[in-house]
Amino acid sequence: MTPVRVLAVASEVYPIVKTGGLADVAGALPLALKAHGVEMRTLMPGYPDVMRLLAGAAEIRRWPDYFGGPGRLLAGSHDGLDLFVLDVPHLYDRPGNPYVTADGVDWPDNGVRFAALSRIAADIGHGLVPAFVPDVVHAHDWQAGLAPAYLHYDNRPRPGTVMTIHNMAYQGKFARELIGAIGLPWESAFDVHGLEYFGGISFLKAGLQLADRITTVSPTYAHEIQSDEGGMGLGGLLRERASVLSGILNGIDIEVWNPQTDPHIAYRFGAQDLTFRAANKAVLQQQFNLDSSDEAPLLGVISRLSWQKGLDLLLEAIPTILAEGMQLALLGSGDRDLQDRYKAAARANPGRIGVMIGYDEILAHLIQAGSDALLVPSRFEPCGLTQLCALRYGAVPIVARVGGLEDTIVDIGEAGTSGRDATGFKFGPVTADAFAGSLRKANAAFHDKPTWRRLQLSGLATDVSWRNRAGDYAALYRDLMASRA
Ligand code: ADP
Ligand code: GLC
């Protein structure tokens, strides 16, 4: 195996900073790649949490003026992850969420903040750190989208570049005037074959246009984003670049998500003692103020509350949940309107609908361990991770038939034809009616104990780890290097 060095560029990395699945992927993939001969280091911004956790990191370079203020590049490690940290206080030393102010508004200088990250990624690509000269620079999402662009416009020998799309809905769109401020050549960069996007610029588009390879996080999503609707403005570009586009499914960290050792759940269990789930269910019901009943199927949700996740459809399905004698425990945060509507639903249905607004890792584990079924009614879902955790915890996924949900769950009705064992329920089209239909089907299956047990056991037997998926990334890097040699 030829050793490969890869610089990953990501704006969030679990367990240091996380707002969603991108962090989980950026945190788990480097560890899984080691077994495939890939040495990955990850570049991330020096947000306050990063600086706190990497207090002992070594300074590699220092600049008096990096995009308008002093800056440093640090190298260090945390929890087995090798990291480069771009410490530029005037850009990253801000409280709260990496992308938005306390009022939920994008930081006005996000363009400069993430251009700075990509600029340093390109410089490391050119050999800024002699101890780590990467063969490949791997950019995640729009925040890293300019890394392939800087490498391209620098016009020097460069490493190969990979752009991974975790979510087409976030495109990093800014006014064209930014081009000068971030040191890209106006003439060539403000072009339909560069950053130009409907008169402005887009960092994601830049990456998709200029990276050597494009990946996304499931084969079905790789297909969906080549349509006008799924591509959200970039479908045409992706159709043109289809020959370098592929979908590689996400895994989850099966150590972090392990019901046999999980410190966050009330009772640990494995495939042999699934009956212990009942004890977790009882604790979950207590925490969500739900009636204590083992007979009522408990539906769990762990999600950002956004249009993508289809949770307005779940609100419409509440009458079905009540009529079927089911319960709901929802943990999520996001859109104010959805938060308010869920709080109202919980007030109107005490004992039946439980809602926690917020972000809570520990509760997320308990929901996986204690709910009977886990719901993911997304309108689109590049991969989705909560349904993978559910498989590992014996919660039966009920999901929309889109993106990575289509690829990772085997519907009870398609098991015979696919040759794979059923692991859950899929519904389509993504409407409240179809969703309600699948909830009714799941309820019937829940009350047929052998059927339900079979679903749980095939879920538990499904490989949701990174092992093979990391191998696909390793093969992609090697293939890219060979094609550029
Ligand atoms: P996305 O990245 O689109 O939000 P994913 O399913 O890929 O969706 O990843 C979401 C990740 O964030 C999962 O690890 C999930 O457990 C976690 N998560 C989402 N919302 C919450 C929450 N409110 N509290 C705790 N964890 C959450
Ligand atoms: C995005 C997607 C989600 C995916 C995650 C990690 O946030 O919405 O489907 O699992 O990235 O790739």
Side-chain angles (χ1 to χ4, degrees), residues 8 10-15 17-29 97-99 138-144 163-171 204 215-222 224-225 230 232 247-254 256-257 262 264 287-288 300-311 329-335 338-339 342 355-369 371 374-393 395 397 399-400 402-409 464 466 469 473:
S11 61
E12 46 183 276
V13 181
Y14 179 87
V17 175
K18 166 168 163 177
T19 71
L22 164 63
D24 292 303
V25 173
L29 184 56
N97 181 294
Y99 316 118
H138 184 168
H140 292 278
D141 268 355
W142 74 265
Q143 296 90 347
M163 180 78 224
T164 291
I165 307 159
H166 294 267
N167 196 324
M168 216 60 211
Y170 303 104
Q171 303 186 341
L204 179 64
T215 74
T216 188
V217 289
S218 69
T220 294
Y221 196 57
E224 289 169 352
I225 57 180
M232 299 182 166
I248 301 177
L249 274 180
N250 287 335
I252 54 168
D253 187 325
I254 57 171
V256 173
W257 295 98
D262 193 329
H264 303 314
Q287 294 214 5
F288 277 84
V301 177
I302 306 158
S303 186
R304 291 187 288 119
L305 302 182
S306 72
W307 182 84
Q308 173 192 349
K309 301 293 179 180
L311 292 169
L330 175 136
L331 167 65
S333 62
D335 290 358
L338 281 171
Q339 292 189 174
Y342 271 103
V355 169
M356 301 261 195
I357 299 301
Y359 184 90
D360 187 333
E361 291 274 333
I362 294 177
L363 197 51
H365 284 244
L366 185 65
I367 292 176
Q368 296 288 8
S371 48
L374 189 100
L375 311 181
V376 195
S378 305
R379 291 193 166 83
F380 70 95
E381 195 60 74
C383 180
L385 299 175
T386 61
Q387 83 281 9
L388 300 180
C389 301
L391 291 174
R392 185 144 168 81
Y393 277 66
V399 305
V402 296
L405 302 172
E406 171 75 301
D407 296 336
T408 54
I409 303 303
V464 292
W466 270 107
R469 288 122 188 224
Y473 279 104

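We count ligands from 1, going down the list as the structure has it; atoms in each ligand are counted the same way. As a basis for the values below, the full set of heavy atoms in this structure was taken, side chains included, without hydrogen atoms, waters or symmetry mates.
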Can you tell me how far the [atom1] atom of [X] sits from the [atom2] atom of [Y], to the nearest 0.5 Å?
| X | Y | atom1 | atom2 | answer |
| --- | --- | --- | --- | --- |
| L405 | S378 | CG | OG | 5.5 Å |
| Q368 | D262 | CD | CG | 10.0 Å |
| H166 | L22 | NE2 | CG | 5.0 Å |
| N167 | W142 | CG | CH2 | 12.5 Å |

Problem set entry | Partners meeting ring-ring contact (aromatic ring centres under 6.0 Å, His included) with Y473 (sequence neighbours left out) | H138
Exercise. Heavy atoms under 4.0 Å from ligand 2: which residues qualify?
Worked result: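 For ligand 2, the residues that come within the 4.0 Å heavy-atom cutoff are G21, L22, V25, H166, N167, V217, N250, R304, Q308, E381, P382, C383, G384, L385.
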Exercise. Using 30° and 60° as the class limits, which term best fits the ring planes of Y221 and F380: parallel, tilted or perpendicular?
Worked result: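 Judged by the thresholds at 30° and 60°, the geometry between Y221 and F380 is parallel.
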Using a 3.5 Å cut-off on N/O to N/O, what pairs does ligand 1 make with the protein? A line per pair would be great.
| residue | atom | partner | partner atom | Å |
| --- | --- | --- | --- | --- |
| ligand 1 | 2 (O) | G21 | N | 2.6 |
| ligand 1 | 3 (O) | R304 | NH2 | 2.7 |
| ligand 1 | 3 (O) | K309 | NZ | 2.8 |
| ligand 1 | 4 (O) | R304 | NE | 2.7 |
| ligand 1 | 6 (O) | L385 | N | 2.9 |
| ligand 1 | 8 (O) | K309 | NZ | 3.1 |
| ligand 1 | 9 (O) | G21 | N | 3.3 |
| ligand 1 | 14 (O) | K18 | NZ | 2.9 |
| ligand 1 | 14 (O) | D24 | OD2 | 2.9 |
| ligand 1 | 23 (N) | G358 | O | 2.8 |
| ligand 1 | 24 (N) | D360 | N | 3.0 |

Exercise. Step by step, would you call L331 with Y359 a side-chain contact (heavy atoms from CB on, under 4.5 Å)?
Worked result: CA-CA 7 Å; L331 167 65; Y359 184 90; over 6 Å; no
For this session: Can you sort out the partners of V256 under side-chain contact (heavy atoms from CB on, under 4.5 Å), two or more places apart, ordered by chain and number?
Result: Y14, D253, H365
For this session: For side-chain contact (heavy atoms from CB on, under 4.5 Å), just list the numbers for L374 and I302, CA-CA rounded to whole Å, side-chain angles, deciding distance to a tenth of an Å, and then say yes or no.
Result: CA-CA 8 Å; L374 189 100; I302 306 158; 4.2 Å; yes
